[in-house]
Every structure is written in C-alpha cells, then in structure tokens.
Amino acid sequence: MTTSSDRTAPDAVQTDLVQFLTRRTGKDWTADDDVFGSGGLSSLHAMELVVHLERTFGVSIRGGDLQKENFRTVQRMSELVERLQTAGDGGTGA
Amino acid sequence: MAEDNGTPGSGQPLAVLGAGVMGSGIAALAIGHGVAVSLIDVDRARLATAAARIDHHVRTAQLLGASPAADAPGELVTGLSPDGLLTGAGAVPAAVIEAVTEDADAKAKALADAAALVPPGTPIISNTSSIPIDELARAVPRPADLIGTHFMNPPYLISTVEVIRGTHTAEATLAAVRALLTGLRREPIVVQDAPGFVTSRILHPMINDAVRVVAAGTASVPSVDRLMQGCLGHPTGPLRTADLIGLDNLVDSLWVLHRRTGDEGCRPCDLLLDMVKAGRLGRKSGRGFYDYEGEQA
Ligand SMILES: NC(=O)c1ccc[n+]([C@@H]2O[C@H](COP(=O)([O-])OP(=O)(O)OC[C@H]3O[C@@H](n4cnc5c(N)ncnc54)[C@H](O)[C@@H]3O)[C@@H](O)[C@H]2O)c1
C-alpha cells in the first residue's frame, strides 16, 4: 500500500460537504446532522450527493455502497470517501 | 420469485419506444430488476445520453432501496429505429412499451411500426398520459394486443401503475401486463378507458389551476406547494410535480384532455404556455417553477 496524493484529508471532505449542503439547503450543517431530516434534502435528491462526491473526490460509488445510510451524515460520507479512495490506492476495487 | 412472473428471468428483453423522461425511467425500472431493454428513439442526441441517464436512475433506485438487482442489472441496447432491434435471435421482446411524445399521430405511427415487427400476442403497451387507448387502437394491426400503462414519474420509485383496458384489449394481454408489472414489483390498478383515465383527468387540471393561482398573484409558487403539502397531504406540491412531469408534456396532455372533454379547466393557462415557449420546461431543462441547476434530470 502506498499513500497517494489523490487522497483527500477527511477534514477537507467534511468542510466541502458542509458547504455543499449549506448552499443546497440554505441552512447551517454539522458533521452529524441527518441530511434527510427536516430542512435537509428530500430522498429524491439523494443522488446529488453521490454525483457531487464522485465529481469532487474522484471516487466511483456503486453496488452495495449505494445505500442511503452511507449518506445520512457528513461524517458517514467522509468515511465512505476515505474508504473508496484507500481502496482505489490499493487497487482492490472492493 | 421474479421468474414466476414472466419477463424478469425469462431472458426476453422489454422494448421501450422513446428515450425521454419516461422511456428512460421505465428502462431504468426494468434494468434495475435484471430485465434487458431495447431502447429506441428517433432523436440521435437523446439516444446518445440515454445510457448515462438510465445509469443515474438505476443508481438512484438502488440508493433508495427501490431496486433489487445491484449485481445483475439488465442489459441495454439502443437504436434509432425498431427495425433490427425487435427481431432476430434473442431480440424478440416480451412486450413493447411506447413512451414517445404525447401526440396521437406520433404514437399511432410508433405503435403501428413496432406492432408490425413482433409476433401476435406480444403486448403493445402505450404509456400515454391521456390519449384514449381505443383511439390508438385504430392504428395497430391487432387491437387485442394493445393496452395502456400509465407509469408515474419516476417509474423506478413509484410503485403503483394505472393500467388502462381498452374496449378491444384481450384478457390474455391484460394478464401478461399484470405479470410483467408484478415481476417489476409494481402494483397494477386496472381502470376503463377515457381521456386522461383517472390520474391525469384529476391531476392535470388541478396543476393548471395551481398555475392560474400563481398567475393571479394569490400566492407564490412555494406557498402554493407548501399549502398543498402541509394542509392537504400532497407529497410534492402541484408546481414541483409540474416541473417533474415536464411543462411541455403537461401542456400536450392538457390539450388532449381539452379537445376530448370540452372542459375549459383543461385549457392550458397562459403562464404555462409562456413558460414552455421560453424553454422553461421544468427539471429536465434545468428551470421551471423552480431552479434545478447543477442537477442531472
Ligand atoms: N413526464 C411525465 O411525468 C409522464 C408521466 C406519465 C406518462 N407520461 C407520458 O409518457 C410519454 C412520454 O413522455 P415524456 O415525458 O417521456 O416525453 P419526452 O418529451 O421527455 O420524451 C419523448 C421522446 O420520444 C421520442 N420520440 C418521438 N417520436 C418517436 C418515435 N416515433 N419513435 C421513438 N421515439 C420517438 C422523442 O425524441 C423524445 O425523446 C407521453 O405520452 C407522456 O404523456 C409522461
């Protein structure tokens, strides 16, 4: 396993996501707020988060990772990005 | 098991005519349930973006737990004409679903062309919002094979489907379509034929009225939607629903209803017509009553 310059620090992922959600919903967000709760995104728009993460952090989110629970909070999304970026480095693709 | 219900697992593809909002949504529903799709659109540009749009829909359905076949999605093939795509080994479709522009002539042609290529007994399904099935039946060689399904948008998330039985629709056609829908985990509700059937006859003039209320200055767009949601339990509000349907399609459907019922409530109101003229078609064009910039339709 090598470290990669493609990897984004978890803090940076969270900062980006908080900004994205604030822009999108017009309210303030913390890392643990329920993204789909009141004042948040409707489920119908959950894919916007997937598209945003893929475009911004160069990951591909497919198959079993496409679960609403993985996107429920900023914290969980940053964990997902970290896991996918790490898997990408290792070339396991899992 | 899906295999018991016909198409899923039977290996036969579903043919979908029209790769617009509904055609791509219906294709995504099938593909997400492991059913192969042959998708036909006369518009080269539409067809070119179809695979990406369908993939987006399939992933949306997976994300929301509405699609079971994450590991074995159905295959997609696309083409500019049904010739070749609906015939030959492995290509004969289990059913044809027509989802082309809401125009009686365009539908008559698309239905007749496809019906001429498939074996008798293959259900020929129109996804029209409002054109009576008996009217479309005049265009096809075997009216017994013709039936209506009115999927709501997005078809891969909404699990109830209005099914329209024409005067000539055969019992076997109805049974096959029930099996097809059950295999796709949809609940069919069978109704009789009439302009707009049940859902469009009620919903479309209601949306038209919501637009009139906004044009009259009685309330803002978000206020109308919030009231219909909060007070009356409407899931998205009529104006956001209009954006999701596509304002051009809504206008087409209102004209169909107006011409056939004479109901003035179905005459598309000026604001709606102006918005279509200005290219503000709703979600699919990035802007309608609301802005959807940066969102993929
Ligand atoms: N939009 C909705 O919410 C909704 C809901 C239920 C039913 N419907 C109905 O579904 C049908 C399709 O609507 P839509 O919103 O997807 O429209 P759309 O404008 O998004 O797509 C229609 C597509 O049909 C194609 N087309 C036209 N003639 C064709 C032909 N002969 N062969 C193949 N393709 C052809 C066009 O190029 C276009 O891509 C309409 O009958 C509509 O009333 C729409």
Side-chain angles (χ1 to χ4, degrees), chain A residues 13 16-27 29 33-81 83-84 87-88 92-94, chain B residues 21 24-25 28-29 31-32 34 49 51-73 152-159 222 225-226 228-230 234-237 239-245 282-284 286 288 290-297:
Chain A
V13 176
D16 170 85
L17 281 169
V18 165
Q19 279 170 359
F20 176 81
L21 286 167
T22 304
R23 250 197 335 269
R24 187 63 186 73
T25 63
K27 70 165 224 178
W29 286 88
D33 288 341
D34 182 351
V35 167
F36 305 112
S38 94
L41 287 185
S42 116
S43 291
L44 211 54
H45 295 155
M47 258 312 271
E48 283 176 44
L49 294 167
V50 175
V51 172
H52 177 75
L53 292 177
E54 290 188 335
R55 282 190 190 149
T56 314
F57 302 110
V59 293
S60 168
I61 308 172
R62 311 199 70 92
D65 286 328
L66 285 169
Q67 279 177 38
K68 211 167 139 190
E69 283 316 304
N70 282 340
F71 302 87
R72 190 167 285 285
T73 64
V74 164
Q75 172 73 36
R76 288 201 202 156
M77 284 187 270
S78 76
E79 284 163 12
L80 177 68
V81 167
R83 180 160 59 74
L84 290 174
T92 63
Chain B
V21 172
S24 64
L29 169 67
I31 286 168
T49 60
R53 282 182 287 120
I54 291 169
D55 179 63
H56 185 87
H57 296 328
V58 170
R59 295 204 295 157
T60 301
Q62 276 170 21
L63 182 59
L64 302 178
S67 190
D71 298 328
M152 302 288 130
N153 186 25
Y156 48 89
L157 295 183
I158 298 185
S159 59
D225 277 350
R226 279 301 301 143
M228 294 300 288
Q229 288 177 284
H234 197 278
T236 35
L239 299 166
R240 202 175 276 283
T241 302
D243 278 355
L244 197 55
I245 291 173
R283 199 157 184 230
K284 66 179 167 188
Y290 298 88
D291 274 345
Y292 303 90
E293 259 170 59
E295 270 182 51
Q296 207 175 328

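Predicted model only: the values in this text are computed from it and were never measured. Just so you know, these numbers use all the heavy atoms, side chains as well, and skip hydrogens, waters and symmetry mates.
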- Note on the structure: The complete set of salt bridge (charged side-chain N to carboxylate O under 4.0 Å, His left out) pairs with one or both residues in residues 36-45 of chain A, sequence neighbours excluded, reads none
- Note on the structure: Of the listed A:His52, A:Lys68, A:Met47, A:Glu69, the one with the largest count of heavy-atom pairs under 4.5 Å with chain B is A:Met47
- Please determine which of B:Arg59, B:His56, B:Gln62 meets the side-chain contact (heavy atoms from CB on, under 4.5 Å) test together with A:Val50. B:Arg59
- Note on the structure: In short, A:Ala46 meets B:Leu63 closest at the heavy-atom pair CB-CD2, 3.5 Å
- Among all residues two or more places apart in sequence or in another chain, which pass the side chain to side chain donor-acceptor pair (under 3.5 Å) test with A:Lys27? none
